[in-house]
Amino acid sequence: MARVVQYAETGPAEVLEVVEVPDPEPGAGEVLVEVRAVGVNPIEWKVRSGLRPSPPITEPRRLGSDGAGVVAAVGRASTTGRSATR
């Protein structure tokens, strides 16, 4: 299971929650990155806090779109038809 930080409503930091979600699987032409470090950029916290307009929240939104890590798995390559995992 993977852990993510998400929110279902705008507001102060108290609206954030850490939840476990199923491990993702890479699709065709995608890679799965094992994230080792994540950052929250200014736009993310402004949207979460309600300081910046955004579309209505219809499902939980996650924070941490800036990240660094290592490739953990490779999905089926669309040009070669091969797949590999690490």
Shortest non-hydrogen contact from [X] toward [Y]:
X	Y	value
K46	S49	O-OG, 3.1 Å
A13	R48	N-NH1, 3.3 Å
R61	P56	NH2-O, 3.5 Å
V4	R62	CG2-NE, 3.8 Å
N41	S65	ND2-OG, 3.4 Å

Determine, using the 4.5 Å side-chain heavy-atom cutoff (strictly less than), whether [X] and [Y] are members of one ILVMFWY cluster.
X	Y	result
V47	L51	yes
V18	V35	no
V40	V38	no
I57	L16	yes

### Message
Working to the nearest 0.5 angstrom, can you tell me the gap between Y7 OH and E44 CD?
### Response
8.0 Å
In the structure I gave you, are the side-chain heavy atoms of [X] and [Y] within less than 4.5 Å of one another anywhere?
X	Y	result
L32	P24	yes
E17	V5	no
V70	R36	yes
V19	Q6	yes

### Within 6.0 angstrom of E25 CD, more than 12 heavy atoms from elsewhere
no
#### Entry: Donor-acceptor pair, side chain of D23 and main chain of A2, under 3.5 angstrom
yes
